[in-house]
Amino acid sequence: MVNQSVKAENPTGMQHYINPLVRSIPPSGIRKFFDLVSGSKDIITLGVGEPDFCTPWHVREACVYSLERGMTKYTSNAGIPELREEIGQYLSDSFHVEYNPANEIMVTVGGSEAIDLALRTLVNPGDEILIPEPSYISYSPIISIGGGVPVGIETVAKDEFKLTAEALQAAITPKSKVLILCFPSNPTGGTMTYEDYLPIAKIVEDNDLIVISDEIYAELTYEQKHISFASLPGMKDRTILVSGFSKAFAMTGWRMGYACGHRDLIDAMLKIHQYTVMCAPVMGQIAALEALKNGKEEKDRMVESYNMRRRLVVKGFREIGLECHEPQGAFYAFPSIESTGLSSEAFAERLLFEGKVAAVPGNVFGKGGEGFIRCSYATSVAQLTEAIERMGKIVAKIKHEM
């Protein structure tokens, strides 16, 4: 029997073979915009969410040595025991949350796989998944592919892009099942304190929700220490904590992440992991183990550098006439461009073609993103200084035209 909605679309060519859920998902708004950059010269790119540091040498060396020793075979599906033990110790020491490495921690192919596994494990068709927005752009498409319904909850600059209890409560319906948290936030740099989280935790418990807490930027906080949602009273068993090595340890291309949670949830995620990727690459696991054991000094230096650049870009945006809340985490600034009278996409296009600076239009990040652009400050001070100067000229030109 042919699905009537598929017939109504009248797909052409090979399209009719494609799952209609996949067919309905638009391409990444970031990819679409940065296709415009391809081939352009003299562009300063503030759009890539990637450290500009190379992975520290001792981490790379650990990988090379593992290859020299012939460590090229499959590992346990959940990851090598030594790495899981080190992850457990790291989370205990850094964020005061305890996990049993034997059955509550699994190593994944980046934090992205961990998020995908968590959602595929939890989402039934029709379930509503709550997402504070603006947010990381991958959550909604993954939810939709699984038949779930993404429900955006707008966060706003006047609240420092925090999730408020009032906004969360207003979004809950009988179909609500999962709350995704991503603090520090991509794209806003917003963070949450222990006091901010307490009313959120009560709502989670009262409404029997499960939380996926994406803490990939946990180490990148500047004026207060990161609070893991799983560390709140009663929240550990209700939370799947997702993190990885990409951001804090400058290991994006290694694709090393992990998920922690109740053994029943991790066991279910592990089933999918077994049948899709088997295990994370052993060389990457060895490198990640070295990063956790001996990488604190380099990590702290990188965070110090990001903090200096953070202050530079916020000051720069304000001086050229763009309001910008002060991000407390991650490595993104989210300045408002409403004063220019342009949409996020229109401003980003003028900035790109006239100013030769690439930033991401805020509307691609969901509710509340329109009227902003995302600028990564994980690039050199010289590049940031030049980018702000170019942006200032574009802002002045646009306001002169008004």
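We number each residue from 1, following the sequence as shown. Quick caveat: nothing in here was measured; it's all calculated off a predicted structure.
Residues T75 and Q285 bring a donor and an acceptor atom of their side chains to less than 3.5 Å of each other. Side-chain atoms of T252 and E50 form a donor-acceptor pair, as typed in the model, at a separation below 3.5 Å. For the 3.5 Å distance criterion, the side chains of S343 and E345 fail to qualify, holding no donor opposite an acceptor. Defined by atom type and a distance below 3.5 Å, a donor-acceptor pair is missing between the side-chain atoms of Q328 and T221.
Under the 4.5 Å side-chain criterion, counting only non-hydrogen atoms from C-beta, H325 is in contact with T188. Within the 4.5 Å cutoff, the side chain of V313 has no heavy atoms near those of the L46 side chain. Side-chain contact between L322 and M391 is present, with heavy atoms from C-beta onward closer than 4.5 Å.
The nearest pair of heavy atoms linking P132 to L181 is CG-CD2, 4.3 Å. Nearest heavy-atom pair across D52 and A378 is CB-O, 3.2 Å. In terms of heavy-atom proximity, A348 sits nearest to P361 at CB-CD, 4.0 Å. In this structure, P184 and H226 approach most closely via the heavy-atom pair CD-ND1, 3.7 Å. In terms of heavy-atom proximity, C260 sits nearest to L91 at SG-CD1, 3.6 Å. Nearest approach of M251 to A291, heavy atoms of both residues: SD-CB, 4.0 Å.
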Using distance only, find each side-chain donor-acceptor pair of residues 233-242 under 3.5 Å and give its atom names and separation, not counting sequence neighbours.
unit_1, atom_1, unit_2, atom_2, d
K236, NZ, E98, O, 2.5
K236, NZ, E104, OE1, 3.4
R238, NH1, D208, OD1, 3.0
R238, NH1, L209, O, 3.1
R238, NH2, D208, OD1, 3.3
T239, OG1, M235, O, 2.7

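By the 30° and 60° cut-offs, the orientation of the rings of F245 relative to F249 is tilted.
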| Passes side-chain hydrogen bond (donor to acceptor under 3.5 Å, both in side chains), Q224 versus T191? Steps please. | CA-CA 9 Å; Q224 60 188 22; T191 59; 3.2 Å; yes
| query | Given the rule in the salt bridge (charged side-chain N to carboxylate O under 4.0 Å, His left out) test, do D267 and K271 qualify, once you have shown the distances and angles that lead to the verdict? | reply | CA-CA 7 Å; D267 187 57; K271 289 180 186 178; 5.0 Å; no
| Chi angles and distances behind the side-chain hydrogen bond (donor to acceptor under 3.5 Å, both in side chains) call for E323, S339 | CA-CA 8 Å; E323 292 183 11; S339 62; over 6 Å; no
| message | Checking D42 against K356 for the salt bridge (charged side-chain N to carboxylate O under 4.0 Å, His left out) test, could you report, in this order, the C-alpha distance in whole Å, the side-chain angles of both residues, the deciding distance, and whether it holds? | response | CA-CA 7 Å; D42 303 321; K356 300 296 184 180; over 6 Å; no
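Close placement of the Y306 and F53 rings is indicated, their centers lying within 6.0 Å of each other. A centroid separation of less than 6.0 Å is found between the aromatic rings of F331 and Y217.
Partners of S305 according to the side-chain hydrogen bond (donor to acceptor under 3.5 Å, both in side chains) rule, which considers only residues two or more places apart in sequence or in another chain, are R309.
With hydrogens and angles ignored, the 3.5 Å screen pairs a side-chain donor or acceptor of T276 with a backbone N or O of I272. Remark: side-chain polar atoms of Q169 are not paired, donor with acceptor, to backbone N or O of I203 under 3.5 angstrom.
Both the sub-6.0 Å distance and the 45° axial angle are not jointly satisfied by R374 relative to the ring of F372.
Taken from OG in S140 to CD1 in I145, the straight-line distance is 11.0 Å, to the nearest 0.5 Å. Taking CE of M302 as the start and CD of E297 as the end, the distance is 11.0 Å to the nearest 0.5 Å.
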